[in-house]
Amino acid sequence: MKTLADRYSPQEVEIKVYKAWEEAGYFKAEDQSKKPPFSIILPPPNVTGFLHLGHALDHTIQDLLIRWKRMSGFNAMWLPGTDHAGIATQSVVEKELKKKTITRHQLGREKFVNEIWKWKNEYGDRIYNQMRRLGDSCDWDRATFTLDEGVSAAVRKVFVTLYKKNAIYKGLRLVNWSGPLETAISDLEVEHQQVKGLMYHINYPIDGTSDFLTIATTRPETMLGDTALCVHPDDDRYKKLIGKTVTVPLINRKIKIIADTYVDKDFGSGVVKITPAHDFNDYKIGKTHKLEFINLLTKKCEMNENAGPYEGLKVADARKKVLEDLKALGLLVKEEPHMNSIGHCSRSGAVVEPFLSEQWFMKMDDLAVPAKRVVESGSLRFEPESWTKVYLHWMNNIEDWCISRQLWWGHRIPAWHCAECEKYTVSETTPTQCENCKSSKITQDEDVLDTWFSSGLWPFSTMGWPNEEAHSVETQKTFYPTNYLVTGHDIIFFWVARMIMMGLEFKKDVPFRTVYVHGLVRDSQGRKMSKSLGNSIDPIEMIDKHGADALRFSFLAHLFSGKDFKFSEQRVESYRNFMNKVWNASRFVLSNLQDFKVPVEGMKALPARAHISVFDQWIIAKLAEVEKQVEVALEAERFSDAATALYQFIWNQFCDWYIEFTKPIMHSSSPDDKQTTQLVMAQVLNRIVRLLHPFCPFLTEEIYSNLPIKNQACIIDQYPTVKNDKDFLAFASKEAEFEIDIVKEVITAIRNIRGENRISPAVKLNIRLGVTQDDVQKILSHNRSAIMNLGRIATMDIGEDGDMMKCAVAPVVLGDARVKVIIPLEGLVDFNEEIKRIHKTIEKLEKDVSLLNGKLSNEKFVQNADPEVIATDRVLLQQSKEQVVSLKEALTRFQ
RNA sequence: AGGGAGUUAGCUCAGUUGGUAGAGCGCCACCCUUACAAGGUGGAUGUCGCAGGUUCGAAUCCUGUACUCCCUACCA
């Protein structure tokens, strides 16, 4: 047997262990299997991305589930993948090119896309390798990229099918537009920031009078596109003006004054300028009042020919110029500071402009109906449940989805425009002629689809749909629907909701049974992690420093469903310490198994009843308890409960007590006793390692490989449960639990007296255990050596109280058992500390007594309370009273 | 503005049918006791945001209120 280093060093273990798992093929799931299926599809990270802490948290949860289920006899399949992430990737490569002063337009579409592929082929696996560092046990053979041929085929099929159902259409709409990227962007890509700006009040001359109407705006340059002024229909100030016209300054266009209840009479002047082509609210008004839509911008967000003299200016410059000109005309009434939240493009940082353009849209109303129903009926569940409401609220207010993007990187829209008849031919395969007029003058639409379009199909497109070959059909049959989707709450609408709609539409079933929503990872002060704040932490750096297991455990032990996660490196360190603790406990166990005769039955071997110690029976009882707790917690998705139950069992029971108790047996007992304890110890450790495995896979696999009793590998061994371990756990005993509990209490009492009196651990004490009950006396005698060892005792009498002159006394009460720990202090310390200590104890006990007395003498309490509660309180009161008496007696001995 | 979550020890947070407040970290004291100083033993620390109510009894249930955070939508 190898000897292990006295410190666990993850660096030496992790890479090696991962490689061994992967080479052995343990991550692979079978398309056909007798085992029940369990599947999770990984939310695909951006192919350009680095693993960040958010991924690390997300993946840790999924890997926990997968490893737990794999060990529990499931055909566990975790499918990894990456997302082409249209805008993000295109921007990254564009930036790279910019360094060489090349623009994508210089290269042209084909060459530019080739550049991106080159980049993807070079860096696309980076994030996969980072995931390996974390320990993700994905089925790598199934790794899928959103631009893979299979997925692309799925995208085309979905587009064509929905188009033919009239669920996809092309239309002129107002969309969020990024000037630098020259594309529509999704709401997700718009970041709102509170910005201090100015509100400008501008006078519009009322035609035929010398009066003005004053409007207020934060974006004066848009006035060039005004096509109406709007007032509230009931506003007495303006009622008579409705239907009259005003002249837009600077461009001298006459526009009508209209009325709409949208206007708030009490805000500003009560008059609103309407720019239907550049504001989402104005757009709606423009539609209802059939106003003219004047687009002022080019795709680069510069002023266009409609802006007259301002043509060619950037928006910001146009604003300056417009203000100057207004001032010159005396029409700028005033400027006042104004807080405004302004949308910025998350990729380019530019201000997002509402922009009128031809886009492809997907109708959402019909798709939303079944997607709501499955959540309402409970066939798809959110955890935590509170997201159900949020989801339904959104689904009830859903708007059509703009699915086209003016990018080059992504799934090109499978629609061909005919130059002759202007109609579109939409087809899964490239057509040669227009299906309407048979003209061959057709060209494919330049746009690509929003990245979330392909993401929405992810749960089944990754399983081979719509390919009808046997293996693809089998995969879908086995693994669809998946069991869990694990994700942060930021993409429930953009992604989760769309997967649900698409899954129901095309697979006629939910894509997953449970959506486990975790919070976002924040810094220790609760701030968002971002490059600009400089507070982002690289998980790989954490893994390098403290090990993947410590990082994983720090997530799992503090994960409370749905809440944001405040990350702290200090906490990772504390779990690194736990990993080291497990390592060292294992090291100790292994060193005590040097001469262990490994039974041929392996884990099926049972300890010899005749030789099993009370300590063994006790730890088995505790093991049974923790196995139960872990199972309940994992089933209920209370991962932190499971993690902390294991932490406490291992540290506070197994290490603190069991190992200490069994040391004497290992050193100087009869060979049979020793062999029995060795067996128990080896088997308990084996189970500890398996129980921990999904939480901290590397450490446990490494320890496992050194165990004397084991199977092939920890990762594929069985997960311990009360049911699986029935025969072994039958050795647990209530009597042993009680016995050890008394012994622990006695030892703690001794340590307590020693600690509070500052008696050096080097001093061995002479003590007396006052006990009158025969059975308790027997227990104490039976465990004499354990008490003497752990209490650091020189001599110990067990019997009547005897003389308590100048003695420290600590009463121990457990159930019916009563023990007095009596330590003569004469010559050891001055008594003040002990007198203080006893006073403190009495004080606390008397508080309890008065509280309990009050309760029990309250007639209504006795009448109404649960009889069990009353009984417990009675016992407690009795005990506390007894203890007070005996402590007061002890106190008198110091006088 | 609408929706959601929260307020418990110095910090991060548990607290599942109402029954004398818990953990980890940190802190203090003493210890290199032969697995582990990334360790051991002992200790201190809370008007459970505030105010009412229901109840014999409330961190827990109800009402109100203050503050914080998140999401969605933003007033031109």
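Letters A, B, ... are given to chains in the order of the sequence lines, protein chains preceding strands, and every chain is numbered from 1. Because the structure is predicted, anything quoted here is derived from the model rather than measured.
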- Will you find, in the side chains of A:Ser880 and A:Asp848, an N or O donor that is under 3.5 Å from an N or O acceptor? no
- Which listed nucleotide (B:C75, B:A23, B:A5) is nearest to the side chain of A:Ser386? B:A5
- Roughly how many Å is it from CD1 in A:Ile753 to P in B:G42, rounded to a whole number? 12 Å
- Query: What's the closest nucleotide to the A:Asp656 side chain, out of B:C71, B:A76, B:G40?
  - Reply: B:G40
- Query: For A:Ser880 and A:His558, take the nucleotide of RNA chain B holding the closest heavy atom to each; which residue's nucleotide lies nearer the 5' end?
  - Reply: A:His558
- Nucleotide B:G15, atom P - distance to CG of A:Asp641 in whole Å: 7 Å
- On a whole-Å scale, what distance lies between the C1' atoms belonging to B:G18 and B:A59? 10 Å
Could I get a table of every N or O pair under 3.5 Å where one atom is in the protein and the other is in nucleotides 54-59 of chain B?
| unit_1 | atom_1 | unit_2 | atom_2 | d |
| --- | --- | --- | --- | --- |
| B:C56 | O2' | A:Asn858 | ND2 | 2.8 |

- With a non-hydrogen cut-off below 4.0 angstrom, is A:Glu859 in contact with a base, only sugar-phosphate, or nothing? nothing
- From the candidates B:U33, B:U12, B:U20, the one with an atom nearest any side-chain atom of A:Arg792 is B:U33
- Grab the CG-P distance between A:Asn757 and B:G43 for me, whole Å please. 12 Å
- In terms of side-chain heavy atoms, does A:Lys256 have a donor or acceptor partner in A:Thr227 at a distance below 3.5 Å? no
- Message: Taking the minimum atom-to-atom distance to the side chain of A:Glu660, which one of B:A76, B:A35, B:A5 wins?
- Response: B:A35
- Query: Tell me, what's RNA chain B's dot-bracket, Watson-Crick or G-U with both distances under 3.5 Å, | for other-strand, [ ] crossing?
  - Reply: (((((((..((((.....[..)))).(((((.......))))).....(((((..]....))))))))))))....
- Message: Can you check the distance between B:C70 and B:C27, where both ends of the measurement are the P atom (answer in whole Å)?
- Response: 31 Å
- Message: Whether A:Lys581 contacts B:G40 is assessed here as follows: a side-chain N or O lying under 4.0 Å from the phosphate OP1 or OP2. Is that the case?
- Response: yes
- Query: With a 4.0 Å cut-off, would you call A:Asp549 and A:Arg576 a salt bridge?
  - Reply: no
- Quick one: on RNA chain B, does A:Asp848 or A:Val589 contact a more 5' nucleotide (nearest heavy atom)? A:Asp848
- Query: Nearest to the side chain of A:Tyr647, which nucleotide is it out of B:C74, B:A76, B:G24?
  - Reply: B:G24
- Whole-Å distance separating the CG atom of A:Asn396 from the P atom of B:G4: 14 Å
- Could you tell me whether A:Lys663 contacts a base, only the sugar-phosphate backbone, or nothing, with contacts defined as non-hydrogen atoms closer than 4.0 Å? base
- Query: Would a distance-only check, ignoring hydrogens and angles, find a side-chain to backbone donor-acceptor pair under 3.5 Å from A:Asp873 to A:Leu852?
  - Reply: no
- Query: Is the distance from OP1 or OP2 of B:A44 to the nearest side-chain N or O of A:Lys840 less than 4.0 Å?
  - Reply: yes
- Could you work out the separation of B:U7 and B:G43 based on their C1' atoms and round it to a whole Å? 29 Å
- Message: If I pick the P atom on B:G46 and the same atom on B:A21, what distance separates them, to the nearest angstrom?
- Response: 13 Å
- Message: For A:Glu843, is the CD atom crowded, meaning more than 12 foreign heavy atoms sit under 6.0 Å from it?
- Response: no
- When you check the side-chain N and O atoms of A:Asp260 and A:His289, is any donor under 3.5 Å from an acceptor? yes
- Flag the pair A:Glu756 and A:Lys840 as a salt bridge only when some basic side-chain nitrogen lies within less than 4.0 angstrom of an acidic carboxylate oxygen. yes
- Message: Taking the six-membered ring of A:Trp583 as reference, does the cationic atom of A:Arg7 (NZ for Lys, CZ for Arg) lie under 6.0 Å from its centre and within 45° of its axis?
- Response: no
- Test: A:Lys628 and A:Glu631 ion pair at under 4.0 Å: no
- Query: Between B:U41, B:A38, B:U20, which nucleotide has the shortest distance from any of its atoms to the side chain of A:Arg751?
  - Reply: B:U41
- Query: So, is A:Lys273 close to the B:A76 phosphate, meaning a side-chain N or O under 4.0 Å from OP1 or OP2?
  - Reply: no
- Message: Nearest to the A:Gln570 side chain among B:A38, B:G39, B:G26, which nucleotide is it?
- Response: B:G26
- Message: Between P on B:G26 and OH on A:Tyr575, what's the gap in Å once rounded to a whole number?
- Response: 12 Å
- Could you give the distance separating B:U33 and B:U20 at their C1' atoms, to the nearest angstrom? 37 Å
- Task: Using a cut-off of 6.0 Å, state whether more than 12 heavy atoms not belonging to A:Glu859 lie near its atom CD.
- Result: no
- Task: Establish whether the base of B:A29 is bridged to the side chain of A:Arg758 by a donor-acceptor pair shorter than 3.5 Å.
- Result: no
- Note on the structure: Against the side chain of A:Pro761, the closest entry in B:C71, B:G43, B:C31 is B:C31
- Lys/Arg cation over aromatic A:Phe588: A:Lys663, 6.0 Å, 45° cone: yes
- Message: Can you measure A:Glu569 atom CD to B:C25 atom P for me and round it to whole angstrom units?
- Response: 16 Å
- Query: Could you give the OH-to-C1' distance, from A:Tyr200 to B:C75, as a whole number of Å?
  - Reply: 17 Å
- What interatomic distance, in whole Å, is found between P of B:C48 and the corresponding atom of B:G19? 16 Å
- Scan A:Met199 against the nucleic acid and name what it touches under 4.0 Å (heavy atoms): base, sugar-phosphate only, or nothing. sugar-phosphate
- Query: Can the positive tip of A:Arg571 be found less than 6.0 Å from the middle of the six-membered ring of A:Phe565, inside 45° of the ring normal?
  - Reply: yes
- When the C1' atoms of B:A51 and B:A66 are considered, how many whole Å apart are they? 10 Å
- Task: Indicate whether OP1 or OP2 belonging to B:A38 is found under 4.0 Å from a side-chain N or O atom of A:Arg7.
- Result: yes
- Touch check for A:Cys655, heavy atoms < 4.0 angstrom, all strands: base, sugar-phosphate only, or nothing? base
- Between B:U34 and B:U41, how far is it from one P atom to the other, in whole Å? 14 Å
- Query: With respect to the side chain of A:Trp651, which nucleotide from B:G40, B:G24, B:G39 is positioned closest?
  - Reply: B:G40
- Message: Salt bridge check, A:Lys545 against A:Glu573: does any charged N sit closer than 4.0 Å to a carboxylate O?
- Response: no
- Task: Side chain of A:Arg576 only, please: which of B:A38, B:U20, B:A35 is the nearest?
- Result: B:A38
- Atom-to-atom span, NZ of A:Lys836 to P of B:A44 - whole angstrom: 12 Å
